[in-house]
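Report on the structure given below.
All values derive from a computational prediction rather than experimental measurement. Letters go in sequence order (proteins before strands), and every chain restarts at 1.
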Amino acid sequence: QQQVKQSPQSLIVQKGGISIINCAYENTAFDYFPWYQQFPGKGPALLIAIRPDVSEKKEGRFTISFNKSAKQFSLHIMDSQPGDSATYFCAASPNGNFGNEKLTFGTGTRLTIIP
Amino acid sequence: ETGVTQSPTHLIKTRGQQVTLRCSSQSGHNTVSWYQQALGQGPQFIFQYYREEENGRGNFPPRFSGLQFPNYSSELNVNALELDDSALYLCASSQGLAGYEQFFGPGTRLTVL
């Protein structure tokens, strides 16, 4: 049972453009929503994360938009650069006081930035 | 500061065999989680160890088992290998449970023939 749906599967964006990746979740117990970036041959690396008490979080060129009522969140990469070409995963976890940070990942988006 | 390391990098086994994968957590980290990443898919949570005790398990059969040692390094054991076990196995460590970032290792690529 896939609990986090991610789209698109692949995305090609011109250098300097905006890359947008979307995710939707089903489990209302999720309260931690990170995005990971993965380069070939490497493990995923945390890019940015948000908790549902805010609707937007920005770190440099990367912004997460969160819509709790729609159970959707998205990653926006502004001024996309060739070095941003990678696979991006959204994820979610129930991060309550009892811990257990097990993450449920989306299926990934392969982003290619072309000159 | 050394990051999360995993060994071996690649491994080829035949169906029915057993395999052990190893993970050294980042310095100061006491929590290790294991994930299976099939080709073209997102990682799937296998289980987590906190201070040598299993602390949560995903939807994987009992032939997937693990250990965490006093130095917080960890092993993933898979018995009776099946073709569908072919995947990248990722280990992630963190300083604790709630509220801490997980740092992933580069993974072990397992191929089952």
Side-chain angles (χ1 to χ4, degrees), chain A residues 1-10 21-25 27 29-53 57 59 75 86-111, chain B residues 2-10 21 23-26 29-51 53-60 64 66 87-109:
Chain A
Q1 179 187 4
Q2 182 185 356
Q3 296 188 48
V4 180
K5 294 183 179 180
Q6 183 171 348
S7 63
Q9 189 173 15
S10 62
I21 304 171
N22 301 299
C23 282
Y25 64 97
N27 188 346
F30 288 151
D31 62 358
Y32 174 69
F33 303 91
W35 283 89
Y36 284 83
Q37 180 188 56
Q38 185 175 28
F39 293 104
K42 304 285 188 182
L46 180 65
L47 194 60
I48 186 172
I50 197 169
R51 298 191 187 276
D53 52 340
K57 182 174 181 180
E59 289 184 1
L75 175 69
T87 299
Y88 292 81
F89 294 95
C90 61
S93 79
N95 187 29
N97 292 330
F98 297 104
N100 195 353
E101 292 262 21
K102 62 175 184 177
L103 295 164
T104 299
F105 284 83
T107 51
T109 296
R110 179 173 287 185
L111 174 65
Chain B
T2 306
V4 179
T5 59
Q6 292 186 243
S7 63
T9 307
H10 296 90
L21 310 182
C23 171
S24 291
S25 57
Q26 190 164 314
H29 289 190
N30 58 20
T31 305
V32 171
S33 300
W34 285 91
Y35 294 84
Q36 179 195 66
Q37 185 176 16
L39 200 61
Q41 300 294 316
Q44 286 197 11
F45 175 76
I46 303 175
F47 42 56
Q48 180 183 73
Y49 280 84
Y50 172 65
R51 294 186 174 182
E53 297 288 331
E54 185 177 295
N55 180 56
R57 186 180 183 93
N59 189 25
F60 280 82
F64 285 78
L88 180 69
Y89 287 85
L90 295 163
C91 164
S93 74
S94 60
Q95 283 182 285
L97 296 176
Y100 293 100
E101 178 183 348
Q102 293 190 52
F103 292 84
F104 283 83
T108 293
R109 173 72 62 187

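From B/Phe104, atom CZ reaches atom OH of A/Tyr36 across 5.0 Å, with rounding to the nearest 0.5 Å.
Put simply, of A/Pro44, A/Gly43, A/Gly108, A/Ala91, the one with the most heavy-atom pairs under 4.5 Å next to chain B is A/Pro44.
Residue-environment remark: CD (B/Gln44) stays at or below the threshold of 12 foreign heavy atoms within 6.0 Å. For A/Asp53, the CG atom is densely surrounded, since the number of other residues' heavy atoms within 6.0 Å is greater than 12. Around atom CD of B/Glu53, no more than 12 heavy atoms belonging to other residues, nucleotides or ligands sit under 6.0 Å away.
Residues passing the side chain to side chain donor-acceptor pair (under 3.5 Å) test with A/Trp35: none are found, sequence neighbours excluded. Residues satisfying the ring-ring contact (aromatic ring centres under 6.0 Å, His included) criterion with B/Phe103, sequence neighbours excluded, are B/His29.
When every heavy atom of A/Phe89 is checked against every heavy atom of B/Gln37, the shortest pair comes out as CZ-NE2, 3.2 Å.
Contact annotation for A/Gln9: neither backbone nor side-chain heavy atoms come within less than 4.5 Å of a heavy atom of chain B. Residue contact with chain A, scored on non-hydrogen atoms closer than 4.5 Å, is absent for B/Ile46.
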